[in-house]
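Numbering of residues begins at 1 and proceeds along the displayed sequence. In each ligand, atom 1 is the first atom listed, and ligand 1 is the first ligand listed.
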Amino acid sequence: MEIPELTLKISNLKKTYPGEVQAVRGVSLEMESQRIYALLGPNGAGKTTVLKSILGFVDYSGSVEVFGSDVDLVRNRLSFVPEEKSFYENLNVEKALRLASKISGSFDGKHARELINHYKLPPNKKIGTFSNGMKTALYISLALSTDSDLYILDEPTWGLDPILREDTLEFIREKVIVGKTVLYTSHIIPEVERIADEFFIMVNGRVRFAGTIDGIKEKYRIIHMPLKKRANIESKSAFAVAEELNRLSIIVENNEKIEEFYRIDDATISVPDLEEFFQILVRSENGK
Ligand SMILES: Nc1ncnc2c1ncn2[C@@H]1O[C@H](COP(=O)(O)OP(=O)(O)OP(=O)(O)O)[C@@H](O)[C@H]1O
């Protein structure tokens, strides 16, 4: 079996936009080859800014190494789907295909046509008139038809219907089977849960969790209790605490300290799934 390569190493990445908007506040993460990584987070968490930093599209502080180098030296090993899918507005599919083959030597026009047919994109209609889902389909067709080692996909299923979304996940999966690495963002947790090997959950410009679903299930427990019991947890260590309607939801580490929570009346303890873990983590940060 091939030894995984370190695809990406980000250390203490920070990005402040004009107007003192601190979009990314010290992100460090690593990615190995042959895996799908999902970058999750609520709106405005800083996900797109991290992807743009990796691609060298914005300036930042901290360091980003792609395949051990500056991104400019390995750009031919990367493909991406941007968040803003409006680059080809004035072209039709035929012209976009011609442009893509001029931009990248590793672009496979035949494969792109197969994907475009699969998505049933009209060849001669102006791309500016496409629906959101059609634009996504075009971008994903172009990105996945370029032979790269790292695919950076910002919401690659945005606007797609459930059937095409499923097909797209399959196309992405195929990349990893042949040894590539994928970093992608999505707001659809069940989708992410099925396809991604590892997750980064970003909230307010920071990565609050990095790991696998099995890691979440092993390392954490979720405790629900009535709101009025809040005083019972003030002195106890919790990873995240969120008020949800009339109850308190808490994420705690699954270690000997959890016994303190067993002693609270009306508290229930369960193994988290990704959706619940994500919800509590994000609500907890929003409540700070
Ligand atoms: N060009 C810009 N100028 C100023 N602020 C910006 C710019 N781009 C992003 N921001 C701000 O930076 C923060 C992070 O934005 P970013 O787009 O990275 O978040 P995101 O997690 O991708 O959000 P979403 O899920 O909504 O796409 C937000 O507060 C956003 O308003």
Side-chain angles (χ1 to χ4, degrees), residues 8-31 36-64 66 71 78-87 89 130-140 143 150-160 165 168-169 172 181-196 198-211 240 242 274-288:
L8 182 72
K9 183 172 179 173
I10 298 181
S11 309
N12 202 21
L13 174 69
K14 293 182 184 165
K15 170 67 188 173
T16 303
Y17 287 110
E20 289 308 300
V21 181
Q22 290 183 291
V24 181
R25 301 164 187 244
V27 161
S28 300
L29 55 88
E30 290 189 2
M31 286 173 29
I36 298 181
Y37 293 84
L39 185 55
L40 305 178
N43 293 130
K47 305 179 296 293
T48 295
T49 304
V50 169
L51 300 193
K52 282 183 179 167
S53 305
I54 297 168
L55 290 160
F57 293 166
V58 290
D59 54 9
Y60 53 82
S61 74
S63 88
V64 175
V66 188
V71 69
L78 299 183
S79 293
F80 66 94
V81 168
E83 182 192 46
E84 195 56 50
K85 297 172 181 65
S86 57
F87 180 65
E89 295 294 276
F130 278 14
S131 70
N132 291 332
M134 289 161 81
K135 282 184 194 170
T136 297
L138 173 69
Y139 274 84
I140 198 85
L150 172 60
Y151 293 85
I152 296 185
L153 312 174
D154 206 343
E155 302 199 33
T157 58
W158 189 67
L160 294 179
R165 199 189 308 146
T168 303
L169 295 183
I172 293 174
T181 309
V182 176
L183 173 60
Y184 96 113
T185 69
S186 170
H187 285 288
I188 307 166
I189 303 249
E191 159 190 322
V192 164
E193 206 162 10
R194 263 202 334 284
I195 189 182
E198 298 203 29
F199 309 88
F200 303 110
I201 301 182
M202 271 191 88
V203 195
N204 293 336
R206 293 192 176 88
V207 172
R208 281 286 268 129
F209 173 81
L274 184 62
E275 178 81 54
E276 208 178 9
F277 186 83
F278 177 86
Q279 291 266 348
I280 299 172
L281 197 52
V282 172
R283 284 178 199 274
S284 163
E285 292 288 322
N286 288 345
K288 279 182 184 166

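Remark: Glu84 does not engage Lys135 in a salt bridge, criterion side-chain N to carboxylate O under 4.0 Å.
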Run the side-chain donor-acceptor check on residues 39-49: report pairs under 3.5 Å with partners two or more places apart or on a different chain.
| from | atom 1 | to | atom 2 | distance (Å) |
| --- | --- | --- | --- | --- |
| Lys47 | NZ | Gly41 | O | 2.9 |
| Lys47 | NZ | Pro42 | O | 3.0 |
| Thr48 | OG1 | Glu83 | OE2 | 3.4 |
| Thr48 | OG1 | Asp154 | OD2 | 2.8 |
| Thr49 | OG1 | Tyr17 | OH | 2.9 |

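Ile189 CD1 to Phe278 CZ: the interatomic distance, rounded to the nearest 0.5 Å, is 4.5 Å.
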Contact table, ligand 1 N/O with protein N/O, distance under 3.5 Å:
| from | atom 1 | to | atom 2 | distance (Å) |
| --- | --- | --- | --- | --- |
| ligand 1 | 18 (O) | Thr49 | N | 3.0 |
| ligand 1 | 18 (O) | Thr49 | OG1 | 2.5 |
| ligand 1 | 19 (O) | Gly46 | N | 3.2 |
| ligand 1 | 21 (O) | Ala45 | N | 3.1 |
| ligand 1 | 21 (O) | Gly46 | N | 2.9 |
| ligand 1 | 21 (O) | Lys47 | N | 2.9 |
| ligand 1 | 21 (O) | Lys47 | NZ | 2.8 |
| ligand 1 | 22 (O) | Thr48 | N | 2.9 |
| ligand 1 | 22 (O) | Thr48 | OG1 | 2.8 |
| ligand 1 | 23 (O) | Gly44 | N | 2.8 |
| ligand 1 | 25 (O) | Asn43 | ND2 | 3.4 |
| ligand 1 | 25 (O) | Lys47 | NZ | 2.7 |
| ligand 1 | 25 (O) | His187 | NE2 | 3.0 |
| ligand 1 | 26 (O) | Asn43 | ND2 | 2.9 |
| ligand 1 | 26 (O) | Gly44 | N | 3.4 |
| ligand 1 | 27 (O) | Glu83 | OE2 | 2.7 |

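Looking at Val203, Leu274, Leu281 one by one, the single match for side-chain contact (heavy atoms from CB on, under 4.5 Å) with Phe209 turns out to be Leu281.
Residues Phe57 and Phe80 place their aromatic rings such that the two centres sit under 6.0 Å apart.
A distance-only check finds a donor-acceptor pair linking the side chain of Ser28 to the backbone of Asn12 [under 3.5 Å].
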